[in-house]
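See below for the structure under consideration.
Every heavy atom of this structure was used, including side-chain atoms; hydrogens, water molecules and symmetry mates were not. Counting starts at 1 for both ligands and their atoms, in listed order.
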Amino acid sequence: MAMQRFLIILGAPGSGKGTQCKVLAQNNPTWKHVSTGDLFRKEISSGSEQGVELKKLLDAGQLVPDDTTMGVFESQVDQLISSEKVDFLMLDGCIRTKAQAKFLKELCERRSSEFKKPTIVELNVPEEVLVKRLTGRLINPRNGRIYHIIDNPPKVAGICDEDGGPLVQRGDDKEDVIRKRFQIYRNERDPILEVLDEQNKLIVIDGNQDTSTVTQLLTEAIKKLA
Ligand code: ADP
Ligand code: AMP
């Protein structure tokens, strides 16, 4: 059976996790992007009852409960690995608490013939840069495309280059909510590393550089693991 490796992409909100994972997945067909945030936003867009509950949590900058998140996460992973060849599963925002880190560790132990030990990559960006990025972020909730009003604008203001539909500001990209999300990240980062980093070397990348430079650094780091 083919073995795949989880790459846990850590980094505060706005550090470029989604932007980078989307480019890396496009450039490397066996590297898959898994974003629990994107999955939750899709559920919200569907107008389901669960979506209504999720929207309250996301807009307030609160975490979704661990059991809900890990259920959504594992079924997405299973769906991806059952349909195509996968070398890396790039986990963007999927592991956000100590309990989720333990869940992933146990999943790898339970299914050790499928998953190699996870590797952790962290994108480092100063918080004041992140506030500028997040307050200017626009997204297409239908396909997950990410823009920035100044640094990465669409060709036509407010319209996605890809599907021609409207771009929106995320409900949680407001400065007070952004500060709360930073606080959660600061509190949870070390406990996650404690659980997962024991035998693994954390790869830290300076995320405060051009998008293409960060992509190049990530690509080199990941290819070394292959
Ligand atoms: P995350 O997924 O970590 O929350 P995103 O990938 O959504 O972060 O990026 C947040 C915002 O920052 C977006 O508006 C994106 O266009 C912008 N951005 C991402 N990477 C860079 C970069 N290297 N330089 C400048 N802006 C960036
Ligand atoms: P993101 O798109 O990664 O910035 O996530 C947006 C929001 O979705 C977070 O602020 C949380 O409310 C929720 N979320 C995404 N992933 C997780 C996770 N692993 N655990 C708990 N909540 C999550």
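Taking distance alone, with nitrogen or oxygen atoms compared against 3.5 Å, Thr19 approaches ligand 1 more closely than that limit. Not a single N or O atom of Pro13, backbone or side chain, sits closer than 3.5 Å to an N or O atom of ligand 1. Residue contacts with ligand 1: Asp210 is placed with no nitrogen or oxygen under 3.5 Å of a nitrogen or oxygen of the ligand (distance criterion only). Residue Gly18 has at least one nitrogen or oxygen atom sitting less than 3.5 Å from a nitrogen or oxygen atom of ligand 1, judged on distance alone.
Using a 4.0 Å cut-off between heavy atoms, Gln209 contacts ligand 1 through its backbone alone, with no side-chain atom that close. Of all the heavy atoms of Ile146, the ones lying under 4.0 Å from any atom of ligand 1 belong exclusively to the side chain. At a heavy-atom cutoff of 4.0 Å, ligand 1 is contacted by no atom of Ile139, backbone or side chain.
Not close to ligand 1: Gly11, with no non-hydrogen atom less than 4.0 angstrom away. Residue contact annotation: Lys22 has no non-hydrogen atom under 4.0 Å from ligand 1. Every heavy atom of Gly136 sits 4.0 Å or more from the atoms of ligand 1. For the pair Cys94 and ligand 2, a heavy-atom separation below 4.0 Å is found.
The backbone N or O of Phe115 sits nowhere less than 3.5 Å from a side-chain atom of Arg5 that would complete a donor-acceptor pair. Between the side chain of Glu122 and the backbone N or O of Val204 there is no donor-acceptor pair closer than 3.5 Å. Using a distance-only test at 3.5 Å, with no hydrogens or angles considered, a donor-acceptor pair links the side chain of Thr69 to the main chain of Pro65. Not a single donor-acceptor pair under 3.5 Å links the side chain of Lys116 to the backbone N or O of Met3. For the pair Ser15 (side chain) and Leu130 (backbone), a donor-acceptor distance under 3.5 Å is absent. Between the Arg41 side chain and the Arg170 main chain, no donor and acceptor come within less than 3.5 Å of each other. For the pair Lys32 (side chain) and Glu84 (backbone), a donor-acceptor distance under 3.5 Å is absent.
Taking every non-hydrogen atom of Thr36 and a distance limit under 4.0 Å, the qualifying atoms of ligand 2 come out as 15 (C), 16 (N), 17 (C), 19 (N). Remark: ligand 2 atoms within the under-4.0 Å shell around heavy atoms of Gly37 are 2 (O), 5 (O), 15 (C), 16 (N). Residue contact check: Thr69 has heavy atoms under 4.0 Å from atoms 18 (C), 19 (N), 20 (N), 21 (C) of ligand 2. Listed by number with element, the atoms of ligand 1 under 4.0 Å from a non-hydrogen atom of Tyr147 are 13 (C), 14 (O), 16 (O). Below 4.0 Å from some heavy atom of Gln62 lie the following atoms of ligand 2, by number and element: 11 (C), 12 (O).
The protein atom (non-hydrogen) at minimum distance from atom 22 (N) of ligand 2 is Val64 N, 3.0 Å. What sits closest to atom 4 (O) of ligand 1 on the protein, heavy atoms only, is Gly14 N, 2.8 Å. Looking only at heavy atoms of the protein, atom 23 (C) of ligand 2 is closest to Phe40 CE1, 3.7 Å. The protein non-hydrogen atom at the shortest distance from atom 20 (N) of ligand 2 is Gln100 NE2, 2.9 Å. For atom 8 (O) of ligand 1, the closest non-hydrogen atom of the protein is Gly16 N, 3.2 Å. At the top of the distance list for atom 3 (O) of ligand 2, counting protein heavy atoms only, stands Arg96 NH1, 3.0 Å. For atom 7 (C) of ligand 2, the closest heavy atom belonging to the protein is Leu58 CG, 3.6 Å.
Under the 4.0 Å criterion applied to side-chain N and carboxylate O atoms, Asp173 and Arg133 are not assigned as salt-bridge partners.
Residues Ile203 and Leu217 share a single hydrophobic cluster, defined by chaining ILVMFWY side chains whose heavy atoms lie under 4.5 Å apart. Leu91 and Ile222 fall into different hydrophobic clusters, where Ile, Leu, Val, Met, Phe, Trp and Tyr residues are linked whenever their side-chain heavy atoms come under 4.5 Å apart, directly or through other members. Linking ILVMFWY side-chain heavy atoms closer than 4.5 Å, directly or via other members, places Leu193 and Ile9 in two distinct hydrophobic clusters.
Using cut-offs of 30° and 60° on the angle between ring planes, the pair Phe6 and Phe73 is tilted.
Considering each of Arg170, Arg41, Lys56, the one bringing a non-hydrogen atom nearest atom 4 (O) of ligand 2 is Arg170. Among Lys17, Lys132, Arg137, Arg133, the residue whose heavy atom sits closest to atom 25 (C) of ligand 1 is Arg133.
For the pair Met90 and Cys21, the tightest heavy-atom approach, listed with the atom from each and the gap, is CE-O, 3.6 Å.
Using modelled atom types and a 3.5 Å distance limit, the side chains of Glu162 and Asn140 yield no donor-acceptor pair. Between the side chains of Ser48 and Glu43, a donor-acceptor pair is found at a separation under 3.5 Å.
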